[in-house]
Participant: 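One structure, pasted below without further comment.
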Protein chains: 2
Amino acid sequence: MAHSHDDHHHERPRDLTRNQDLVLQTLNHAEGPLSAYDILDKLREDGLRAPLQVYRALDKLVEQGLAHRLESLSAFVCCADAGCHDGARTAAFAICSGCGRVDEFADPEVVERLAAWAQEKGFGLERTTIELRGRCARCLGSSTP
Amino acid sequence: MAHSHDDHHHERPRDLTRNQDLVLQTLNHAEGPLSAYDILDKLREDGLRAPLQVYRALDKLVEQGLAHRLESLSAFVCCADAGCHDGARTAAFAICSGCGRVDEFADPEVVERLAAWAQEKGFGLERTTIELRGRCARCLGSSTP
DNA sequence: CGGTGAAATGTTATGACATAACGCTATCGA
DNA sequence: TCGATAGCGTTATGTCATAACATTTCACCG
């Protein structure tokens with residue numbers, strides 16, 4: 001049970017199921033965040049019919065770090081960096097109110113400060129949400145500055 | 001227009017309306033975050049009947065910095081620091097999955113780093129959400145460590 | 001090969017969160 | 001007094017998410 005390479009049970013990117021793959025591809029091809037129902041609509045012709053089919057797939061994708069949920073939008077995006085679930089588990093998101101696009105980034109300093117706060121308070125940190133709202137450079141550049 | 005006390009149009013804590021006051025008191029007396037419908041239920045005997053009455057009050061309270069919306073919970077808390085809307089406009093929240101209690105804090109360094117990122121990217125930052133999930137010291141101390 | 005258990009699936013129904021649209025009321029300064 | 005602005009009350013509806021249950025798929029093991 002403790003074999004060195006006997007790790008078929010680990011947390012790694014195991015193969016995606018059909019529904020999971022469909023949902024992930026949909027997110028990958030999207031310009032911006034999509035709600036579960038947006039995704040469902042795009043996948044009707046692929047046989048999906050109920051919200052749960054999408055939510056279940058999303059749960060797994062988020063669990064594996066392949067997608068993220070944006071709390072302030074109640075919507076989902078695919079992970080910008082295929083390897084982001086390897087290391088920097090705490091991403092930040094800048095969401096443009098103009099075009100709706102999302103820019104994912106990581107700031108180690110920020111992560112560190114928050115972890116330090118948790119440490120100091122004895123707070124068992126499990127997950128962090130960081131979301132910036134505003135207008136991206138492109139949207140500021142053009143219409144209604 | 002620049003009279004010293006001619007400032008009835010400013011952003012300051014103008015008097016709250018009846019509904020706003022009811023909602024704020026409800027949040028103040030609560031142990032943890034409340035959903036709009038939780039608040040509505042507590043205020044039925046005061047005459048409130050529809051979600052919109054609560055949501056409208058909440059909008060104003062949040063606008064004035066007297067309450068905060070926790071995106072990851074779809075719930076609301078009163079601002080921990082009466083003066084928090086003066087200066088540190090970017091608060092962070094540590095939400096305990098065990099007891100549901102919320103600890104509000106501000107970390108200038110974090111705020112600064114995020115502002116710096118925005119600056120660098122030309123992102124017009126308007127609002128920031130920072131929410132930590134985990135278990136508070138007290139909950140870690142007792143049951144199911 | 002066939003059984004078995006874990007995980008995924010499909011479906012219906014329901015719950016929880018939030019806003020649109022409408023008309024009325026109160027307040028306040030010009 | 002008039003008109004503008006903000007708040008109020010109500011009904012209806014929209015959006016996001018999960019409960020519950022039956023069925024299917026598939027890797028693994030005896």
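Quick caveat, the model's predicted, so the values are computed rather than measured. So that the names make sense, note that chain A is the first sequence line, chain B the second, and so on, each numbered from 1.
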Participant: Any ion pair linking A:E71 and A:R127 (charged N to carboxylate O, less than 4.0 Å)?
Facilitator: yes

Participant: Compare side-chain N and O positions of B:S35 against OP1 and OP2 of C:dC17 and report whether any pair is under 4.0 Å apart.
Facilitator: yes

Participant: Should A:T17 be listed as having a side-chain N or O under 4.0 Å from OP1 or OP2 of C:dT9?
Facilitator: yes

Participant: Both A:A57 and A:Y37 contact DNA chain C. Taking the nearest nucleotide for each, which residue is further toward the 5' end?
Facilitator: A:A57

Participant: Pick out the pairs of N or O atoms, protein on one side and nucleotides 10-13 of chain C on the other, that lie under 3.5 Å.
Facilitator:
unit_1	atom_1	unit_2	atom_2	d
C:dG10	OP2	A:N19	ND2	3.0
C:dG10	OP2	A:Q53	NE2	2.5
C:dG10	O5'	A:Q53	NE2	3.4
C:dG10	N7	A:R56	NH2	2.4
C:dG10	O6	A:R56	NH1	3.2
C:dG10	O6	A:R56	NH2	3.2

Participant: In whole Å, what is the span from the CG atom of B:L22 to the P atom of D:dG7?
Facilitator: 15 Å

Participant: Please confirm whether A:F76 and A:H68 have ring centers closer than 6.0 angstrom.
Facilitator: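 Between A:H68 and A:F76, which both carry aromatic rings, the centre distance is not below 6.0 Å.
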
Participant: Measure from the side-chain N and O atoms of A:E131 to the backbone N and O of B:T129, and report whether any donor-acceptor pair falls under 3.5 Å.
Facilitator: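 Pair absent, no side-chain N/O of A:E131 close to backbone of B:T129.
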
Participant: Mind checking side-chain hydrogen bond (donor to acceptor under 3.5 Å, both in side chains) for A:E120 and listing every partner two or more places apart, or none if nothing turns up?
Facilitator: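 If we apply the side-chain hydrogen bond (donor to acceptor under 3.5 Å, both in side chains) test to A:E120, skipping adjacent residues, there are no hits.
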
Participant: Is B:Y55 close enough to C:dA18 that one of its side-chain N or O atoms is under 4.0 Å from OP1 or OP2 there?
Facilitator: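 Indeed, a polar side-chain atom of B:Y55 lies that close.
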
Participant: Round to a whole Å and report the spacing from CG of A:D15 to C1' of C:dA8.
Facilitator: 14 Å

Participant: B:D41 has an atom CG; how far is it from atom C1' of C:dG15, in whole Å?
Facilitator: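 Answer to the nearest Å: 14 Å.
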
Participant: To the nearest Å, how far apart are A:E71 CD and C:dA16 C1'?
Facilitator: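 These atoms are roughly 15 Å apart.
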
Participant: Please state whether the phosphate of C:dA18, meaning OP1 or OP2, lies under 4.0 angstrom from any side-chain nitrogen or oxygen of B:R69.
Facilitator: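 Yes, within the criterion.
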
Participant: Figure out the CG/C1' separation between A:L43 and C:dT9, and round it to whole Å.
Facilitator: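 Computing the A:L43:CG to C:dT9:C1' distance gives 15 Å.
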
Participant: Within a strict 4.5 Å, meaning less than it, do heavy atoms of the B:I95 and B:S72 side chains meet?
Facilitator: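 Contact flag for B:I95/B:S72 side chains = yes.
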
Participant: Nearest whole Å is fine: how far is D:dA6 C1' from B:L16 CG?
Facilitator: 14 Å

Participant: Give a yes or no on whether the backbone of A:R56 and the side-chain of A:D59 come within a donor-acceptor separation of less than 3.5 Å.
Facilitator: no

Participant: Classify the angle between the aromatic ring planes of A:Y55 and A:Y37 as parallel (below 30°), tilted (30 to 60°) or perpendicular (above 60°).
Facilitator: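 Ring orientation, 0 to 90° scale: perpendicular.
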
Participant: Check the distance between C:dC17's C1' and B:D38's CG and give it to me in whole angstrom.
Facilitator: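 Atom-to-atom, B:D38 to C:dC17, this comes out as 11 Å.
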
Participant: Rounded to the nearest angstrom, tell me the gap between atom CG in A:L73 and atom P in D:dT15.
Facilitator: 15 Å

